[in-house]
Trainee: 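Below you will find the structure I want to go over with you.
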Amino acid sequence: MSADRVVKIRDVRTPGETYSIRGWVYRKRIHGKATFIVLRDETGVLQCVHHPNQNPQVKIPENLGIEASVQITGIAKEDKRAPGGIELEITGFKLIGPSHMFPITKDQSIEILLDLRHLWLRSRRLTQIMQVKAEAVRAAREWFHDNEFVETFPPILVGSACEGGATLFSLKYFDRQAYLSQSAQLYLEALIFSLGDVYSITPSFRAEKSRTVRHLTEYWHIEAECPYKGLEEIMQVEEQLFAHICNTVAEKMPEAIRAVGRDPDFLAKIKAPFKRITYEEAVDIVHSYDIDMEFGEDFGARAERALSNHFDKPFFIYRYPEKIKPFYVKRDPDYPGFVLSADLMAPEGYGEMTTGGAREEDLDSIVERIKAEGFNPEDYSWYLDLRRYGSVPHAGFGLGTERLVWWMLKLDHIRDACAFPRVLNRVTP
Ligand code: NSS
């Protein structure tokens, strides 16, 4: 191999070969006369060593700092003590960008690390989480593509709420008020009439005023909508997509998953169909843990955690009371007071991953429920047209990408599923 061709650290494998690599200084130490540099790039870390007596032409700056960017040429050698079993004997060294006093050191507080997020992103852990997230979204797109869903691009600046007024971010849009989208759903509902099964992957915004380990104010929302599907059919779409994402990341990124803290085999074994329990059965489970909750109310954080801990695989809760679900959810004709809605729950305490269900097709009842939520039906006039002109039964769902990554990798806090998390007290960096 020519010494000029730059390869990734992952590809430095054959003892005796000369390689050039580009990376950032991860660790540096001097031992006797030798300098040891552990270099990192997006594919891994590699120990490089300089012996001045063997390669006197190489000059390594004494003040070479952590996170300086460098290009190193060297000969690969087997070394059992080096991480990965291979070490590079440095024969050429070029400083690209110096780094003095890298501000991240051991034992810093979470808040300081969050202030330094733009630098903290270079840590192995965050790098691996972001790589798994990218693979998860790629796998989602792959599943949709293989199942003939069309990708669509709904707006982010919108004129009306989808998920209730309490979590709406509003902004001035020239001389009127607009909002940041909470969900692409209403737009996907419009798109099924021309494109059939559709999906989108967009940012969604929620003005969540509570500090929890599962709420962001901005997240990436994977949503789909299908004509002529009902509640059962949309649950089948959800579980197949969900299992495909879990299985694909387990197959493609086992080392990263293990390094972050989850056994990849667990994800490889997630298979559809998932268990389905009714809201009523779920309330019984909550009560069996001596947690107070009224029948008809939504699950609180404690109840949701208990339910989620009760199972060791993903499962659905379906047929919720009408009053805890938004205006667009279809009423269950066989169970008055209940709706054809389901949440896909992750086990192990992580809770809700998706919400989905059948949509109300009837114009009058949707108008009545928009009013009951305190909205003006005029703000939804375009949406109501969908019920006026060739309305069809349809169903859809939304999956929070960061919720999924949070659970898949057993992260403590959902913010670690984001490069630049947006939460109640943070919009920077
Ligand atoms: O509000 S949802 O439960 N449902 C909707 O937005 C529907 N309109 C989606 C649809 O049918 N097209 O949100 C859906 C999912 C939810 O299950 C979570 O996984 C995620 O979006 N979600 C969040 N993730 C992170 N942070 C926050 N605040 C958040 N809110 C919802």
Side-chain angles (χ1 to χ4, degrees), residues 133 136-137 140 144 149 152 154 156 158 160-169 179-192 197-226 229 231 234-235 237-238 241-242 245 298-299 301 304 308 314-318 320 324-330 339-346 350-360 373 380 383 394-408 411 413-418 421-424 426:
K133 183 178 186 178
V137 173
F144 282 125
F149 282 66
T152 63
I156 302 302
V158 297
S160 45
C162 180
E163 294 301 321
T167 62
L168 262 186
F169 275 115
Y179 309 98
L180 292 176
S181 171
Q182 298 166 303
S183 163
Q185 178 190 324
L186 307 186
Y187 295 93
L188 294 183
E189 285 188 60
L191 286 159
I192 59 168
D197 293 342
V198 291
Y199 78 99
S200 61
I201 304 179
T202 58
S204 276
F205 301 88
R206 306 284 168 110
E208 302 278 0
K209 292 184 191 78
S210 51
R211 269 190 213 225
T212 77
V213 295
R214 33 176 277 158
H215 286 98
L216 298 162
T217 54
E218 175 180 325
Y219 68 97
W220 285 83
H221 208 165
I222 301 175
E223 292 176 275
E225 199 69 32
C226 307
K229 281 194 184 358
L231 178 60
I234 205 67
M235 287 197 275
V237 168
E238 292 178 50
L241 168 71
F242 200 84
I245 298 172
D298 208 350
F299 302 106
E304 189 176 331
S308 167
F315 63 102
F316 285 104
I317 303 175
Y318 71 100
Y320 279 87
I324 61 172
K325 290 290 176 184
F327 65 86
Y328 53 72
V329 180
K330 188 178 163 97
V339 288
L340 295 169
S341 160
D343 290 359
L344 170 53
M345 309 284 286
Y350 286 83
E352 182 193 314
M353 297 283 121
T354 80
T355 294
R359 315 307 192 188
E360 183 58 74
E373 276 197 35
Y380 293 85
Y383 179 70
H394 61 290
F397 69 92
L399 163 65
T401 308
E402 291 77 9
R403 287 266 174 101
L404 172 68
V405 172
W406 173 56
W407 165 72
M408 282 201 306
L411 306 179
H413 199 298
I414 194 170
R415 66 178 166 228
D416 280 344
C418 308
R422 296 295 181 248
V423 290
L424 182 61
R426 188 168 285 281

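Side-chain atoms are counted along with the backbone in the values below, which use heavy atoms only and exclude waters and symmetry mates. Each residue takes its place number in the sequence, starting with 1. All ligand and atom numbering here is 1-based and tracks the order in the structure.
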Trainee: Check each of R359, E402, E189 against atom 11 (O) of ligand 1 and report the one with the nearest heavy atom.
Mentor: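 Nearest heavy atom to atom 11 (O) of ligand 1 lies in R359.
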Trainee: In terms of ring plane angle, is the pair Y320 and F299 parallel, tilted or perpendicular, where the classes change at 30° and 60°?
Mentor: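 Judged by the thresholds at 30° and 60°, the geometry between Y320 and F299 is perpendicular.
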Trainee: Which protein non-hydrogen atom lies closest to atom 14 (C) of ligand 1, naming both residue and atom, and how far is it?
Mentor: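 Checking every protein heavy atom, the shortest distance to atom 14 (C) of ligand 1 gives H221 NE2, 3.4 Å.
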Trainee: For atom 16 (C) of ligand 1, what's the nearest protein heavy atom and its distance?
Mentor: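 Ranked first by proximity to atom 16 (C) of ligand 1 is E352 OE2, 3.1 Å.
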Trainee: How far is atom 15 (C) of ligand 1 from the closest protein heavy atom, and which atom is that?
Mentor: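 So the nearest neighbour among protein heavy atoms is G398 O, 3.6 Å.
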Trainee: Taking N or O atoms only and a 3.5 Å limit, does C162 qualify as a polar contact for ligand 1?
Mentor: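 Between C162 and ligand 1 (N or O atoms, distance only) the closest approach is not under 3.5 Å.
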Trainee: Under a 3.5 Å threshold, yes or no: a donor from one side chain and an acceptor from the other, between T354 and E238?
Mentor: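 Side chains of T354 and E238: pair found under 3.5 Å.
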Trainee: If I apply the N/O under 3.5 Å rule, does E223 come out as touching ligand 1?
Mentor: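 The answer is yes, given that E223 and ligand 1 share an N or O pair closer than 3.5 Å.
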Trainee: Please check whether G400 reaches ligand 1 - meaning an N/O of the residue sits under 3.5 Å from an N/O of the ligand, judged on distance alone.
Mentor: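 By distance alone, the answer is yes.
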Trainee: Any idea which protein heavy atom is nearest atom 3 (O) of ligand 1, and the distance to it?
Mentor: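 Of the protein heavy atoms, T355 OG1, 2.9 Å lies nearest.
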Trainee: With atoms numbered from 1 as shown, which atoms in ligand 1 lie under 4.0 angstrom from a non-hydrogen atom of Y328?
Mentor: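 Once the distances to Y328 are compared, the set is 7 (C), 8 (N).
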Trainee: Test side-chain contact (heavy atoms from CB on, under 4.5 Å) on M345 and E352; report intermediate values, then the result.
Mentor: CA-CA 4 Å; M345 309 284 286; E352 182 193 314; 4.1 Å; yes
Trainee: Hey, which atoms in ligand 1 end up nearer than 4.0 Å to a heavy atom of E208?
Mentor: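 Here the atoms of ligand 1 in question are 28 (N).
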Trainee: Identify the protein heavy atom lying closest to atom 18 (C) of ligand 1, giving its residue, its atom name and the separation to 0.1 Å.
Mentor: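 Checked against all protein heavy atoms, atom 18 (C) of ligand 1 sits closest to R403 NH1, 3.5 Å.
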Trainee: Under a plain distance cut-off of 3.5 Å, with no hydrogens placed, do Y219 and R206 share a side-chain donor-acceptor pair?
Mentor: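 Yes - a donor-acceptor pair under 3.5 Å links their side chains.
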Trainee: Before signing off on this row, confirm whether F397 and ligand 1 have an N or O atom pair separated by under 3.5 Å.
Mentor: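 For ligand 1, there is an N or O atom that lies under 3.5 Å from one belonging to F397.
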Trainee: Got the closest protein heavy atom to atom 31 (C) of ligand 1, with its distance?
Mentor: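 Closest protein heavy atom to atom 31 (C) of ligand 1: Y219 OH, 3.2 Å.
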Trainee: Need the ligand 1 atom indices (1-based, order shown) with element for anything under 4.0 Å from a heavy-atom of L216.
Mentor: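 The list of qualifying atoms is 25 (C), 26 (N), 27 (C), 28 (N).
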Trainee: The test is side-chain contact (heavy atoms from CB on, under 4.5 Å); show your working for T167 and E208 and say whether it passes.
Mentor: CA-CA 6 Å; T167 62; E208 302 278 0; 4.2 Å; yes
Trainee: Calculate, to the nearest 0.5 Å, the distance between atoms CG and SG belonging to D197 and C226 respectively.
Mentor: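 So the gap between those two atoms works out to 4.0 Å.
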Trainee: Any chance you could lay out the ring-ring contact (aromatic ring centres under 6.0 Å, His included) test for F327 and Y380, step after step, and finish with the verdict?
Mentor: CA-CA 12 Å; F327 65 86; Y380 293 85; 5.4 Å; yes
Trainee: Give a yes or no answer on whether the side chain of T212 reaches the backbone of R214 with a donor-acceptor pair at less than 3.5 Å.
Mentor: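 Yes.
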Trainee: Which residue and non-hydrogen atom of the protein lie closest to atom 7 (C) of ligand 1, and at what distance in Å?
Mentor: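 I find the closest protein heavy atom is E163 OE2, 3.3 Å.
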Trainee: Begin with the C-alpha distance, continue with both residues' side-chain angles, and end with the deciding distance and a verdict on side-chain contact (heavy atoms from CB on, under 4.5 Å) for H221 and Q182.
Mentor: CA-CA 9 Å; H221 208 165; Q182 298 166 303; over 6 Å; no
Trainee: Looking only at non-hydrogen atoms, find the nearest pair between W220 and I201 and report the distance.
Mentor: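 So the two residues come closest at CZ3-O, 3.9 Å.
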Trainee: Under 3.5 Å, side chain of S200 to main-chain N/O of T152, donor-acceptor pair present?
Mentor: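 Answer holds: no.
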Trainee: Considering only protein heavy atoms, which is closest to atom 19 (O) of ligand 1, and at what distance to one decimal place?
Mentor: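 Answer for atom 19 (O) of ligand 1: M353 O, 2.7 Å.
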Trainee: What part of E225 sits under 4.0 Å from ligand 1 if we count only heavy atoms: the side chain, the backbone, both or neither?
Mentor: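 No part of E225 comes within reach of ligand 1.
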Trainee: State, to 0.1 Å, how close L231 and G357 come at their nearest heavy-atom pair, and which atoms those are.
Mentor: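 Answer, listing the atom of L231 first, then G357: CD1-CA, 3.9 Å.
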Trainee: If hydrogens are left out, which of K325, H215, R214, R206 has an atom nearest to atom 6 (O) of ligand 1, that is, the closest non-hydrogen atom?
Mentor: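 Answer by nearest heavy atom: R206.
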Trainee: Near T354, which atoms of ligand 1 are under 4.0 Å from a heavy atom of that residue?
Mentor: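 Matching atoms, with element in brackets: 17 (O).
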